[in-house]
*Asks:* 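Quick one: this structure, given as structure tokens, is what I'll be asking you about.
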Amino acid sequence: MRIHVADHPLITHKLTVLRNRETPSPVFRQLTEELVTLLAYEATRGVHVSPVEIVTPVTTTTGVRLSDPRPIVVPILRAGLGMLEGMVKLLPSAEVGFLGMVRNEETLEPTTYAERLPEDLSDRQCFVLDPMLATGGSLGAAIEFLFRRGAQDVTAICLLGAPEGVQAIERQVGDKDVTLVLGAMDERLNEKGYIVPGLGDAGDRLYGTV
């Protein structure tokens, strides 16, 4: 598994504002979108392209275009939805699927309650969106779900990660082709499975409590 932790002052600045408990939901949502666009730049560095010949106002030249089949972006509901707009701004031709997962707050184990994805993901580059990589349960289950559908290349984008979650994903994916892109690697998990220092519950801060 390849791991990329962003090292850019703009990303660190925006994460600092996200972490602040006084940051209101509208600002939190806007910053999340901006952060994902910055992280998506790194996450798509290996996106598949094909050569294409074009004619400029001066001459003929060869460039590239995104290869078929198109990449698919998969936000994990509900918090991953807050990352979707920032991703498709950079990759507007991608298709979008959805995967609904919820974590049992006692066992910390994930459960899938909804999905809207193609039955066959063979040869599709998949980009999974999940704000927080804490225990790794939900993200690991999502990655496994995609590989069961035939995916061979999965990139996960998270705003924050904890070492425990990264290690859990590494153990789970084995030698599968997985890339993990993080805005920052935090210190640890607390006894409730929350990232420290973290930013709280990303879903609640994006959309409010329900």
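Every value quoted in this text rests on a predicted model; they were computed, and no experiment measured them.
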*Asks:* In this structure, would Val73 and Val49 fall into the same cluster of hydrophobic residues linked by side-chain contacts under 4.5 Å?
*Replies:* yes

*Asks:* Would you name the heavy atoms of Gln172 and Glu144 that are closest together and state the gap between them?
*Replies:* NE2-CG, 3.0 Å

*Asks:* I'd like to know if Asp153 pairs up with Arg124 as an ion pair, taking the criterion as any Lys NZ or Arg NE/NH1/NH2 lying under 4.0 Å from an Asp or Glu carboxylate oxygen.
*Replies:* no

*Asks:* To the nearest 0.5 Å, what is the distance between CG on Leu159 and CG on Asp186?
*Replies:*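 Output value for this atom pair is 10.5 Å.
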
*Asks:* Can Val36 and Leu84 be said to form a side chain to side chain contact (heavy atoms under 4.5 Å, CB included), step by step?
*Replies:* CA-CA 8 Å; Val36 173; Leu84 180 58; over 6 Å; no

*Asks:* Provide the closest heavy-atom pair for Pro131 versus Ala202 in the form atom of the first, atom of the second, distance.
*Replies:*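 Nearest pair, atom of Pro131 first, then Ala202: CB-CB, 3.8 Å.
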
*Asks:* Would you indicate whether the side-chain heavy atoms of Arg78 and Asp204 approach each other to under 4.5 Å?
*Replies:*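 Answer yes - side chains close enough.
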
*Asks:* Apply side chain to side chain contact (heavy atoms under 4.5 Å, CB included) to Val47 and Leu66, showing your working.
*Replies:* CA-CA 8 Å; Val47 70; Leu66 292 182; 3.9 Å; yes

*Asks:* Give me the atom names and distance for the closest heavy-atom approach of Ala79 to Leu206.
*Replies:*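 Minimum heavy-atom separation between Ala79 and Leu206: O-CD1, 3.5 Å.
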
*Asks:* Where do Tyr207 and Leu81 land on the side chain to side chain contact (heavy atoms under 4.5 Å, CB included) test, with the steps shown first?
*Replies:* CA-CA 10 Å; Tyr207 305 117; Leu81 278 178; 3.4 Å; yes

*Asks:* Taking the side chain as C-beta and beyond, is there a heavy-atom pair between Leu121 and Phe147 under 4.5 Å?
*Replies:*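 The answer is no, as the side chains (C-beta and beyond) never meet within the 4.5 Å cut-off.
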
*Asks:* Heavy atoms only: give me the nearest Ala184-Leu15 pair and the separation to one decimal.
*Replies:*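 For Ala184 and Leu15, the tightest heavy-atom pair comes out as CB-CD1, 3.8 Å.
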
*Asks:* Is any side-chain heavy atom of Phe145 less than 4.5 Å from a side-chain heavy atom of Glu115?
*Replies:*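 They are in contact (side-chain heavy atoms under 4.5 Å apart), so the answer is yes.
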
*Asks:* What's the shortest heavy-atom distance between Ala43 and Thr155, and which atoms?
*Replies:* CB-CG2, 3.9 Å

*Asks:* Test of understanding: clusters of I, L, V, M, F, W, Y form through side-chain heavy atoms closer than 4.5 Å, transitively. Do Ile3 and Val128 belong to the same one?
*Replies:* yes

*Asks:* Salt bridge between Arg29 and Glu85, side-chain N to carboxylate O under 4.0 Å?
*Replies:* no

*Asks:* How about Arg2: does its CZ atom have over 12 heavy atoms from other parts shown lying under 6.0 Å from it?
*Replies:*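 Enclosed.
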
*Asks:* Work out which heavy atom in Pro75 is nearest to a heavy atom in Val96; give both atom names and the distance.
*Replies:*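 That would be CD-CG1, 4.3 Å.
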
*Asks:* Side-chain contact test, heavy atoms from C-beta onward, threshold under 4.5 Å: evaluate it for Leu180 versus Cys158 and give yes or no.
*Replies:* yes

*Asks:* Would you compute the distance between atom OG of Ser50 and atom CG of Asp68 and round it to the nearest 0.5 angstrom?
*Replies:* 7.5 Å

*Asks:* Could you go through the side chain to side chain contact (heavy atoms under 4.5 Å, CB included) check for Glu34 and Leu38 one step at a time?
*Replies:* CA-CA 7 Å; Glu34 294 170 5; Leu38 291 172; 5.7 Å; no

*Asks:* Do Leu18 and Thr32 come close enough that some side-chain heavy atom pair is under 4.5 Å?
*Replies:* yes

*Asks:* With heavy-atom distances below 4.5 Å as the criterion, would you say the side chains of Ile169 and Met1 are in contact?
*Replies:* yes

